[in-house]
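For this chain, numbers begin at 1 and follow the sequence in order.
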Amino acid sequence: MKVAVMSDIHDNLSALDRALARLDADVLLCCGDLCSPFVIDRIGRGFRGPIHVVFGNNDGDTFRISECARRFDHVNLHGEFAELELGGRRCALHHFDAVARALAAAGRYDVVCFGHTHRAEITSTGSTLLVNPGELFGGLTGRSTFALYDTRSSEADLMEV
């Protein structure tokens with residue numbers, strides 16, 4: 001199974017559209033900081049497979065984001081934390097890096113995805129893969145990135161848009 005991971009969109013619809021056009025994935029994970037409700041609408045219309053979203057610290061209008069997400073049967077909002085089984089792999093999602101690192105250190109998951117730092121990172125803690133896709137926003141690092149995780153190989157690659 002191919003899993004796309006993005007984070008820290010911060011309302012950058014042009015970067016989001018470029019990423020959605022390039023996605024060759026079965027599932028989309030979003031690790032927070034969509035920011036405005038119209039972003040979830042664009043994601044829901046732009047990706048037809050299952051979408052799992054956790055909130056970040058800049059998702060101010062979670063009520064309207066939730067209202068917008070209700071229009072799509074394939075969009076799943078999980079609050080601040082998600083625990084999923086994807087392609088036989090145990091996955092966790094959280095926005096914050098400190099929480100993600102603690103989840104990885106616990107050894108309960110095959111992969112832990114997170115955002116917040118805006119810095120792309122694909123590393124391991126023990127047998128757990130840590131994936132920060134970097135920022136799709138592109139405004140802080142100058143790079144708009146997302147990650148592709150393959151549940152068969154348990155490897156992830158960074159993609160630039």
- request: Indicate the atoms forming the closest heavy-atom contact of P133 with A147, along with that distance.
  value: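 It is CB-N, 3.6 Å.
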query: At their closest point, which heavy atom of L103 faces which heavy atom of F81, and how far apart are they?
result: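 Distance-wise, the nearest heavy atoms are CD1-CE1, 3.7 Å.
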Is the shortest heavy-atom distance from the side chain of [X] to the side chain of [Y] under 4.5 Å?
{"X": "H78", "Y": "V54", "answer": "yes"}
{"X": "D41", "Y": "F72", "answer": "yes"}
{"X": "I43", "Y": "I9", "answer": "yes"}
{"X": "F146", "Y": "S7", "answer": "no"}
{"X": "I65", "Y": "F55", "answer": "yes"}
{"X": "L130", "Y": "R101", "answer": "yes"}
{"X": "L86", "Y": "L29", "answer": "yes"}
{"X": "L136", "Y": "N12", "answer": "no"}

statement: D73 meets the side-chain hydrogen bond (donor to acceptor under 3.5 Å, both in side chains) criterion, sequence neighbours left out, with none
If you round to the nearest 0.5 Å, how far is [atom2] of [Y] from [atom1] of [X]?
{"X": "N57", "Y": "D33", "atom1": "CG", "atom2": "CG", "value": "4.5 Å"}
{"X": "L20", "Y": "R42", "atom1": "CG", "atom2": "CZ", "value": "8.5 Å"}
{"X": "R22", "Y": "E160", "atom1": "CZ", "atom2": "CD", "value": "9.0 Å"}
{"X": "K2", "Y": "L28", "atom1": "NZ", "atom2": "CG", "value": "15.0 Å"}
{"X": "R119", "Y": "D8", "atom1": "CZ", "atom2": "CG", "value": "11.0 Å"}
{"X": "D110", "Y": "T151", "atom1": "CG", "atom2": "OG1", "value": "10.0 Å"}

More than 12 heavy atoms of other residues, nucleotides or ligands under 6.0 Å from [atom1] of [X]: yes or no?
{"X": "E121", "atom1": "CD", "value": "yes"}
{"X": "R90", "atom1": "CZ", "value": "yes"}
{"X": "R64", "atom1": "CZ", "value": "no"}

- prompt: With distance as the sole criterion, is a donor-acceptor pair present between the side chains of N132 and T117 under 3.5 Å?
  reply: yes
- request: Could you tell me whether a side-chain N or O of D11 sits under 3.5 Å from a main-chain N or O of V39, the two making a donor and an acceptor?
  value: no
field: Single-linkage hydrophobic cluster, 4.5 Å side-chain cutoff, F114 and L129 together
entry: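 In one cluster with F114: L129, no.
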query: In the single-linkage hydrophobic clustering (I, L, V, M, F, W, Y; side-chain heavy atoms under 4.5 Å), do V27 and L84 co-cluster?
result: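 Hydrophobic grouping puts V27 with L84.
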query: Would you call the rings of F96 and H94 parallel, tilted or perpendicular, where under 30° means parallel and over 60° means perpendicular?
result: tilted
task: Please work out which of the three classes, parallel, tilted or perpendicular, describes the rings of H95 and H116, given edges at 30° and 60°.
output: perpendicular
